[in-house]
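Note sheet for the following structure.
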Amino acid sequence: MNQINRKTPAAQSCPICGKPVDPEFKPFCSKRCADLDLHRWLSGVYTIPTKDDEDEDGERPAEAEAGDK
Ligand SMILES: [Zn+2]
């Protein structure tokens with residue numbers, strides 16, 4: 001069952017600077033690049049507008065439960 005993840009090549013390149021990846025800082029080449037990506041990722045996440053499903057604001061069938069008792 002360990003043939004599933006065989007797609008990943010041994011020699012990857014850092015997504016930040018393109019250098020060979022260091023297994024210790026996978027998938028980056030160094031801690032610096034890992035930190036860089038983390039900061040980039042964090043700031044990106046909070047600025048990217050996400051599509052919120054408005055399902056929760058729909059009708060609430062549970063309201064009928066508060067009937068007479
Ligand atoms: Zn790098």
Side-chain angles (χ1 to χ4, degrees):
M1 270 215 149
N2 50 3
Q3 288 188 341
I4 294 173
N5 287 332
R6 266 181 116 196
K7 277 185 189 174
T8 313
Q12 285 182 310
S13 50
C14 175
I16 303 295
C17 68
K19 284 182 187 174
V21 168
D22 188 322
E24 212 175 313
F25 301 105
K26 222 155 105 182
F28 306 102
C29 71
S30 63
K31 188 175 190 304
R32 190 166 152 265
C33 281
D35 282 346
L36 268 174
D37 186 76
L38 180 65
H39 285 299
R40 185 194 281 181
W41 188 82
L42 284 177
S43 51
V45 162
Y46 289 122
T47 47
I48 290 174
T50 52
K51 281 188 180 179
D52 283 331
D53 289 328
E54 293 188 30
D55 283 349
E56 285 179 31
D57 209 28
E59 304 215 7
R60 288 182 287 180
E63 230 173 75
E65 239 179 281
D68 47 3
K69 189 172 185 190

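Note that ligands are numbered from 1 as they come in the structure, with each ligand's atoms numbered from 1 the same way. Computed from a prediction, not measured in an experiment: that's the story for all the values here.
Under the salt bridge (Lys or Arg N to Asp or Glu O under 4.0 Å) criterion, Asp35 pairs with Lys31, sequence neighbours left out.
Residue Cys29 forms a side-chain contact (heavy atoms from CB on, under 4.5 Å) with just one option from Pro15, Ser13, Cys17, and that option is Cys17.
Sorted by chain and number, the protein atoms of type N, O or S within less than 2.8 Å of the Zn ion (ligand 1) are Cys14 SG, Cys17 SG, Cys29 SG, Cys33 SG.
Minimum heavy-atom separation, Val21 to Phe28: CG1-O, 3.4 Å.
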